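Report on one structure; see the data block that follows.
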2 protein chains.
Amino acid sequence: MNEARNPDRLSSSGLRFTPQRRHVYHILLQSRDHPAANEVFMRAKKGMPEISMATVYNCLEALVRRGLVRQVNVDRTATRYCPNLEQHCHFYCETCGGIFDVDYDAAGIQSRVTLPEEFSMSQLEVAVRGLCAGCAARKSGRGRKRAEASAP
Amino acid sequence: MNEARNPDRLSSSGLRFTPQRRHVYHILLQSRDHPAANEVFMRAKKGMPEISMATVYNCLEALVRRGLVRQVNVDRTATRYCPNLEQHCHFYCETCGGIFDVDYDAAGIQSRVTLPEEFSMSQLEVAVRGLCAGCAARKSGRGRKRAEASAP
DNA sequence: CTTATAATAAGAATTACTCTAAATATTGAC
DNA sequence: GTCAATATTTAGAGTAATTCTTATTATAAG
């Protein structure tokens with residue numbers, strides 16, 4: 001394939017389209033589960049065993065700077081990365097730790113925040129916490145079949 | 001004063017009402033500028049010179065667990081602490097780094113997030129970024145008087 | 001007063017980056 | 001293609017903000 005001669009958004013935005021950056025970007029696109037840098041590193045090593053952690057951080061930062069990837073921070077856990085450019089916010093499952101993209105009405109939400117005089121908004125972020133569908137099913141199933149197993 | 005015999009929300013919620021915890025809590029209530037732990041530590045040392053950093057972290061965690069204080073995380077900078085129990089969200093000034101409490105319509109916002117089937121929400125958080133009033137004034141003032149000074 | 005339990009203090013340890021410097025790769029000009 | 005200029009990669013050291021450990025001290029219940 002001649003991806004290098006047929007540059008996608010990476011190189012056309014002024015970023016050098018190196019094999020490492022392409023590889024990291026493709027890893028994010030392939031499994032949209034919001035991996036942290038060390039998870040990206042482990043996946044990246046499979047197809048590119050010599051890649052270093054520093055390069056993974058470097059690539060992720062480059063992708064973020066170019067707007068191809070968003071950072072997702074949940075409390076003080078490791079930053080996770082999201083290649084979904086559609087408008088969305090993030091849902092964090094308190095049981096499994098998974099992050100999910102969810103739809104929201106950004107304009108409607110923005111209009112429901114009352115900034116003080118002379119303040120101006122450049123960006124608004126919504127973070128939702130709760131229980132994801134998979135964990136809800138797992139909990140109710142376990143509750144019916146063997147309730148004793150779920151208490152610590 | 002007999003605060004120890006006339007317990008406030010700290011001790012009545014099962015938390016030991018130690019001098020250190022009271023002191024840390026009062027520091028947060030006195031200046032509502034969302035200090036990070038090391039700032040709380042520096043302020044705490046003024047009235048209690050022997051207090052340790054570990055104790056400041058311990059006290060802050062205890063207050064958070066009791067719901068008297070909220071943690072505020074902005075990207076991966078140090079966690080900051082907010083004793084405002086009123087419903088509000090946080091505004092982060094990208095110029096001065098200050099955090100400000102702002103009003104919002106939590107219910108209206110919540111209804112504008114569309115969770116997938118079987119997902120349930122336990123908490124929703126809104127973070128706003130932009131320019132605060134003070135920095136806006138400073139910038140326009142400087143812009144008019146000596147524009148050359150603001151470029152790096 | 002005594003005993004059980006919890007909190008404090010000091011410092012070591014850990015996590016998730018972030019920086020540094022040398023080696024390597026890529027791009028643009030010939 | 002070849003070469004210089006510039007950017008990127010790598011490995012490892014360094015850092016900030018916690019987090020943990022252990023001995024000491026304080027508090028609360030009896």
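Proteins get letters first, then strands, A, B, ... in listed order; numbering begins at 1 in each. This structure is a prediction, so every number in the text was calculated from the model and none was measured.
- Map B/Gln20 and B/Arg76 each onto its nearest nucleotide of DNA chain C; the residue landing nearer the 5' end is B/Gln20.
- A/Asp105 pairs by the side chain to side chain contact (heavy atoms under 4.5 Å, CB included) definition with A/Ala107, B/Arg112, not counting sequence neighbours.
- Residues satisfying the side chain to side chain contact (heavy atoms under 4.5 Å, CB included) test with B/Ala106, not counting sequence neighbours, are B/Gln87, B/Tyr104.
- As a whole-Å value, the separation of A/Phe17 CZ from D/dA7 C1' is 16 Å.
- To the nearest angstrom, C1' of D/dT18 lies 8 Å from CE of B/Met53.
- Axis angle between the ends of the helix from C/dC1-D/dG30 to C/dC30-D/dG1, five pairs each and rounded to 10 degrees, works out to 40°.
- When rounded to the nearest whole Å, the span between OH of B/Tyr57 and C1' of C/dA7 equals 18 Å.
- When rounded to the nearest whole Å, the span between CD of B/Gln71 and P of D/dA17 equals 15 Å.
- Taking all atoms of both residues into account, the shortest heavy-atom contact from B/Val72 to B/Cys82 is CG2-CB, 3.9 Å.
- Within a 6.0 Å sphere centred on CZ of A/Arg32, heavy atoms belonging to other residues, nucleotides or ligands number more than 12.
- Counting all heavy atoms, side chain and backbone alike, A/Ala37 lies closest to A/Val56 at O-CG1, 3.8 Å.
- Distance from the side chain of B/Thr55 is smallest to C/dA9 among C/dA9, D/dT10, C/dT18.
- Rounded to whole Å, the distance from CD on A/Glu61 to P on D/dT8 is 10 Å.
- For the contact set between residues 32-52 of chain A and DNA chain D, defined by any heavy atom under 4.0 Å, the members are A/Glu50, A/Ile51, A/Ser52.
- Taking CZ from B/Arg43 and NE2 from B/His23, the interatomic distance works out to 11.5 Å, rounded to the nearest 0.5 Å.
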Only pairs under 3.5 Å count here: list side-chain donor-acceptor contacts from residues 91-101 of chain A, not counting sequence neighbours, and write none if there are none.
| residue | atom | partner | partner atom | Å |
| --- | --- | --- | --- | --- |
| A/Glu94 | OE1 | B/Ser122 | OG | 3.0 |
| A/Thr95 | OG1 | A/Lys139 | NZ | 3.2 |
| A/Asp101 | OD1 | A/His34 | NE2 | 2.6 |
| A/Asp101 | OD1 | A/His88 | NE2 | 3.4 |
| A/Asp101 | OD1 | A/His90 | NE2 | 3.1 |
| A/Asp101 | OD2 | A/Asn84 | ND2 | 2.8 |

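- Residue contacts for A/Thr77: at a heavy-atom cut-off of 4.0 Å it reaches no nucleic acid atom on any strand shown.
- Following chains of ILVMFWY side-chain contacts shorter than 4.5 Å, one can reach B/Met121 starting from B/Phe119, so the two form part of one hydrophobic cluster.
- Note that CD of B/Glu125 and CZ of A/Arg129 are 6.5 Å apart. Values are rounded to the nearest 0.5 Å.
- Across the protein-nucleic acid pair, B/Leu63 atom CG and C/dA7 atom P stand 12 Å apart, rounded to whole Å.
- You'll find that the side chain of A/Arg21 is closest to D/dT9, out of D/dT9, C/dC17, D/dT19.
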Identify each atom pair where a protein N or O and an N or O of nucleotides 20-26 of chain D are less than 3.5 Å apart, giving names and distance.
none

### Task
Report the C-alpha distance between B/Val24 and B/Ile51 in whole Å, list the side-chain angles of each, state the deciding distance to 0.1 Å, and finish with yes or no for side chain to side chain contact (heavy atoms under 4.5 Å, CB included).
CA-CA 10 Å; B/Val24 164; B/Ile51 197 170; 4.3 Å; yes
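- Counting only heavy atoms from C-beta outward, the side chains of B/Val126 and B/Val102 never approach each other to under 4.5 Å.
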